[in-house]
Amino acid sequence: MNQPSAALQAAIRSLGATARERVFSLEHDGRRLWVKRPGLPRLRSSVLMQRGLALLTGLAMLKPARQSAGQAGLRAEAEALQKLAADGWPVPPVLALTDAWLLLGDAGQSVESLLGRENDPAQRRGLIEACADLLSRLHAGGHWHGGAQIRNFSWTDGKPGLLDLEDHDLPGMTQAQRQARDLLLFLYSLTRYDRNAASPLLVPLARQLVQAANAETRAELLRLHRRIGWVIRLAKPFAAKAGRDIRQALAAEAALNAALN
């Protein structure tokens, strides 16, 4: 990892002084680069829901990812990216790491932005299935993402890649639990794109992912289904008036149920 030039560091400081987002891009020497600044622990409703479900069910895979703040979080993500890159997985290159920011190379467009602009169901399905295939291959290689929502996949040269490894650190979980968690998060994030009721995407996709998973990961998914069944039964009557997080969780679990039976 080379030290950035003085000009590049000055450009980062200048843009960072006015950038509203924690992650921002810049052009330098004809290349698009990305700067990620330290974050704070998240307290979104989905994180609180995960904590509550993990406590109620005793399932480690439902716990939120470790949320390392400050430079420790940037360093953990850089290490995860470098490890995956060393094994040949498509991740943005780590160019520099300081106490104030992580500098990454460009990884192409975000799949989520492509899905938001694409109205053709077949094209949307193709993008999603390509990401699902990458996730399955990642798991077969003995790895996991940690935050495998569709927003954390990129697209370049007609192929998907992996983005945003800041949730990669999942202490206290086995590899099977980490991979099962990936599959649940992936399906959860796709519920908003299953627009065509005549040709639902989630169930066949869940079957594809479950069939590709190893026996240990499938066992963790089955354990999840058995342990949260009573929670699902309690939540279903309120689904229509519940928040989006609850509706998405119910849809993802229903797809997994169909895939496991």
Side-chain angles (χ1 to χ4, degrees), residues 46-67 80 83-84 87-89 128-153 160 162 164-191 194 200-236 239 245-261:
S46 58
V47 173
L48 297 175
M49 181 177 71
Q50 283 181 262
R51 289 177 179 170
L53 281 176
L55 183 63
L56 284 170
T57 62
L59 290 169
M61 64 172 282
L62 292 181
K63 293 180 180 178
R66 175 179 288 173
Q67 299 174 44
K83 181 179 179 180
L84 289 175
D87 285 347
W89 296 100
I128 291 170
E129 288 182 340
C131 294
D133 178 67
L134 173 58
L135 186 60
S136 291
R137 289 188 285 112
L138 181 73
H139 288 176
H143 297 284
W144 66 93
H145 189 297
Q149 298 97 324
I150 195 66
R151 68 171 182 265
N152 292 333
F153 287 79
L162 306 168
D164 200 349
L165 272 288
E166 64 182 33
D167 286 346
H168 185 74
D169 191 12
L170 298 170
M173 297 186 202
T174 65
Q175 179 175 296
Q177 289 168 340
R178 291 164 177 162
Q179 293 183 351
R181 184 180 185 276
D182 268 358
L183 299 184
L184 182 63
L185 285 176
F186 188 72
L187 291 170
Y188 170 88
S189 71
L190 293 177
T191 54
D194 200 9
L201 170 66
L202 281 182
V203 171
L205 189 63
R207 290 196 175 109
Q208 172 189 328
L209 290 166
V210 169
Q211 289 170 5
N214 60 39
E216 292 81 7
T217 300
R218 289 196 297 272
E220 288 298 333
L221 290 171
L222 188 57
R223 186 175 295 111
L224 165 74
H225 174 65
R226 288 171 175 167
R227 293 258 184 108
I228 68 171
W230 65 274
V231 179
I232 298 301
R233 288 192 294 273
L234 285 174
K236 277 184 177 179
D245 289 340
I246 300 297
R247 293 195 302 273
Q248 286 183 264
L250 289 173
E253 200 282 333
L256 271 178
N257 180 33
L260 290 166
N261 293 310

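- For D87, the side-chain hydrogen bond (donor to acceptor under 3.5 Å, both in side chains) partners two or more places apart in sequence, or in a different chain, are H143.
- Heavy atoms only, all atoms of each residue included: A132 and L209 are closest at O-CD2, 3.7 Å.
- Between A258 and V203, the shortest heavy-atom distance links the atoms CB-CG1, 3.8 Å.
- Annotation: side chain of M173 is in contact with side chain of K63 (closest heavy-atom distance under 4.5 Å).
- For the pair L222/R218, no side-chain contact is recorded, criterion being any heavy-atom separation below 4.5 Å from C-beta on.
- Rounding to the nearest 0.5 Å gives a distance of 13.0 Å between CZ of R178 and CG of D167.
- From Q179, atom CD reaches atom CG of L183 across 7.5 Å, with rounding to the nearest 0.5 Å.
- Listed by chain and residue number, nothing satisfies the side-chain hydrogen bond (donor to acceptor under 3.5 Å, both in side chains) test with E216 (two or more places apart in sequence, or in another chain).
- Summarising the geometry of N152 relative to G147, their closest heavy-atom pair is ND2-O, 2.7 Å, with the distance given to 0.1 Å.
- Atom-to-atom distance recorded for I128:CD1 and Q208:CD is 11.0 Å, nearest 0.5 angstrom.
- Taking OH from Y188 and CG from L256, the interatomic distance works out to 14.0 Å, rounded to the nearest 0.5 Å.
- Here the side chain of H168 pairs a donor or acceptor atom with the backbone of W144 at under 3.5 angstrom.
- The two residues L165 and A80 make their nearest non-hydrogen contact at CB-CB, 4.1 Å.
- Distance check: I150 CD1 to L187 CG gives 10.5 Å after rounding to the nearest 0.5 Å.
- Contact annotation: the side chain of E129 approaches that of L205 to within less than 4.5 Å [non-hydrogen atoms, C-beta and beyond].
- In this structure, the side chains of H139 and T217 stay at 4.5 Å or more apart for every pair of heavy atoms.
- Side chain of D182 to backbone of H145: a donor-acceptor contact under 3.5 angstrom is found.
- Note that the CG atom of L162 and the CH2 atom of W89 stand 8.0 Å from one another [nearest 0.5 Å].
- Evaluation of the side-chain hydrogen bond (donor to acceptor under 3.5 Å, both in side chains) rule for R207 yields no partner, not counting sequence neighbours.
- Between Q177 and G172, the shortest heavy-atom distance links the atoms OE1-O, 4.1 Å.
- F153 and F186 have perpendicular rings, their planes meeting at more than 60° on a 0 to 90° scale where under 30° would count as parallel.
- When all heavy atoms of A206 and A255 are compared, the closest pair comes out as CB-O, 3.5 Å.
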